[in-house]
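These notes concern the structure reproduced below.
Residue numbers count from 1 along this sequence. Computation of the quantities below employed the complete heavy-atom set of this structure, encompassing side-chain atoms and omitting hydrogens, waters and symmetry-equivalent molecules.
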Amino acid sequence: MSLRRLAEELIAELGLQCPRCGEGKLCYRTSSPFLGCDRFPACRYTLDLQ
């Protein structure tokens with residue numbers, strides 16, 4: 001299983017809420033990879049996965 005698929009499944013199961021804004025949910029972003037708030041650009045929270 002790819003890292004992307006694993007991260008997406010874990011996030012979906014856990015329903016991780018953004019710790020910065022408290023409204024958005026964290027989603028997997030592939031450019032680095034990292035987790036980011038789905039409310040971007042209103043919230044710019046990120047969590048590096050490397």
Residues F34, L47; criterion side-chain contact (heavy atoms from CB on, under 4.5 Å); working and verdict: CA-CA 6 Å; F34 66 96; L47 176 64; 6.0 Å; no
Roughly how far apart are Y28 OH and L6 CG, rounded to 0.5 Å? 9.5 Å
Partners of F40 by side-chain contact (heavy atoms from CB on, under 4.5 Å), sequence neighbours excluded? R44
Indicate yes or no for a side-chain donor-acceptor contact from Q17 to the backbone of G22 under 3.5 Å, with no hydrogens or angles considered. yes
E23 side, atom CD; R39 side, atom CZ - distance, nearest 0.5 Å: 4.5 Å
What heavy-atom pair brings P33 and D48 nearest, and what distance separates the two atoms? O-OD1, 3.6 Å
Take L35 and L49, measure what side-chain contact (heavy atoms from CB on, under 4.5 Å) needs, and give me the verdict at the end. CA-CA 7 Å; L35 298 179; L49 294 178; 4.1 Å; yes
Tell me, please, which residues at least two apart from C18 pass side-chain contact (heavy atoms from CB on, under 4.5 Å). R20, C21, L26, C37, C43, Y45
